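To start, the structure itself, in C-alpha cells.
All values reported here derive from a predicted model rather than from experimental measurement. Note: hydrogens, waters and symmetry copies are ignored here, and every other heavy atom, side chains too, is used.
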Amino acid sequence: MDTEQEAGHEAAEERPGQRASAADRHVGARIRERRVMMGLSQQQLAKLIGVTYQQAHKYERGLNRISAGRLFEIGQVLGVPVSWFFEGLTRDSAEPEVSPRQRMCLELARNFALIDNEKHQEALSQMARALAAQSQAERGDG
C-alpha cells in the first residue's frame with residue numbers, strides 16, 4: 001500500500017516539474033535573447049555573473065534552474081528587472097515566439113555591438129534615426 005501511495009505521489013509531482021521545466025526554458029531563452037541584444041558571449045556573461053561557461057549554457061537551455069538570487073544578479077548584469085525574464089510566459093506556451101522581425105533586431109544589435117569603431121557606430125545610429133524619422137513622417141502624412 002505504501003508503494004501505491006508513493007507511486008501516486010511521484011506521478012502527481014511530475015506535472016509541476018514539467019511546467020517548471022518549461023518555465024526554466026522560457027527564462028533561459030529570455031536570458032539568451034537579452035545577452036545577444038547586448039552583444040555579449042556566453043563566456044562574457046558567465047564571467048560577469050560568476051559562473052562557468054558551462055553553467056551559463058545550461059541556464060540558457062533551461063537545463064539547470066536558476067535561483068532567485070542568481071536571476072536577480074543576471075537581471076542586474078543585463079540591465080533588466082527580474083520580471084522581464086517572465087514576459088510572454090503562459091501556461092499554454094512556455095517557449096517565446098520569436099518573429100522574423102525580432103530575430104532581425106537581435107542580429108542588428110549583436111552586429112552593432114561588434115563594431116569597434118565608434119564613428120561607424122555613430123554613423124549607423126544616425127542613419128537609423130533618420131530612417132525612423134522618415135517612416136514616422138510618412139505614416140503621419142498618409
What verdict does the salt bridge (Lys or Arg N to Asp or Glu O under 4.0 Å) test give for E33 and R30, after you've listed the backbone C-alpha separation in whole Å, the side-chain angles of each residue and the deciding distance to 0.1 Å? CA-CA 5 Å; E33 178 183 340; R30 293 287 284 173; 3.4 Å; yes
Do F85 and I74 pass the side-chain contact (heavy atoms from CB on, under 4.5 Å) test, and can you show the C-alpha distance, the side-chain angles, and the key distance before you say yes or no? CA-CA 10 Å; F85 298 110; I74 292 169; 3.9 Å; yes
Does the side-chain contact (heavy atoms from CB on, under 4.5 Å) test come out yes or no for F72 and I66, once each step is laid out? CA-CA 10 Å; F72 179 78; I66 305 169; over 6 Å; no
L48/L78 under side-chain contact (heavy atoms from CB on, under 4.5 Å): CA gap, chis, key distance, verdict: CA-CA 10 Å; L48 289 170; L78 296 178; over 6 Å; no
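Linking Ile, Leu, Val, Met, Phe, Trp and Tyr whenever their side-chain heavy atoms come within less than 4.5 Å leaves V77 and Y53 in two separate clusters. Using a 4.5 Å cut-off between side-chain heavy atoms of Ile, Leu, Val, Met, Phe, Trp and Tyr, with links allowed through other members, I31 and L63 fall into different hydrophobic clusters. The hydrophobic cluster containing V36 does not contain L108, counting ILVMFWY residues as joined when their side-chain heavy atoms lie under 4.5 angstrom apart, directly or transitively.
Remark: the S21 side chain and the R25 side chain contain an N/O donor-acceptor pair separated by less than 3.5 Å.
In this structure, the side-chain hydrogen bond (donor to acceptor under 3.5 Å, both in side chains) partners of R129, at least two apart in sequence or on a different chain, are S125.
Within a 6.0 Å sphere centred on CZ of R32, heavy atoms belonging to other residues, nucleotides or ligands number 12 at most. More than 12 non-hydrogen atoms from other residues, nucleotides or ligands lie less than 6.0 angstrom from CD of Q126. Residue-environment remark: CG (N117) exceeds the threshold of 12 foreign heavy atoms within 6.0 Å.
Side-chain N or O atoms of H26 include one that pairs as donor or acceptor with a backbone N or O of E87 at under 3.5 Å. E138 places no side-chain N or O within 3.5 Å of a backbone atom of S135 that could act as its donor or acceptor partner. Side chain of Q121 to backbone of F112: a donor-acceptor contact under 3.5 angstrom is found.
Interatomic distance, Q55 CD to H57 NE2, rounded to the nearest 0.5 Å: 11.0 Å. The line from CD of Q54 to CG of N64 is 11.5 Å long, rounded to the nearest 0.5 Å. A distance of 11.0 Å separates CG in D24 from OH in Y59, rounded to the nearest 0.5 Å. Between the NE2 atom in H120 and the CD atom in E122 there is a gap of 12.0 Å [rounded to 0.5 Å].
Across every non-hydrogen atom of A113 and G39, the tightest pair is CB-CA, 3.6 Å. The minimum heavy-atom distance linking A109 with M37 is given by the pair CB-O, 3.3 Å. Here the closest heavy-atom approach between residue V82 and residue F86 is recorded as O-CD1, 3.5 Å. Across all their heavy atoms, A23 and L89 have their closest contact at CB-CD2, 4.0 Å.
Evaluation of the salt bridge (charged side-chain N to carboxylate O under 4.0 Å, His left out) test over residues 68-84, restricted to residues two or more places apart or in two chains, returns R70-E73. Annotation: salt bridge (charged side-chain N to carboxylate O under 4.0 Å, His left out) contacts involving residues 38-62, sequence neighbours excluded, comprise R35-E60.
Inter-residue side-chain proximity for L124 and I115 is flagged as met; some heavy-atom pair is nearer than 4.5 Å.
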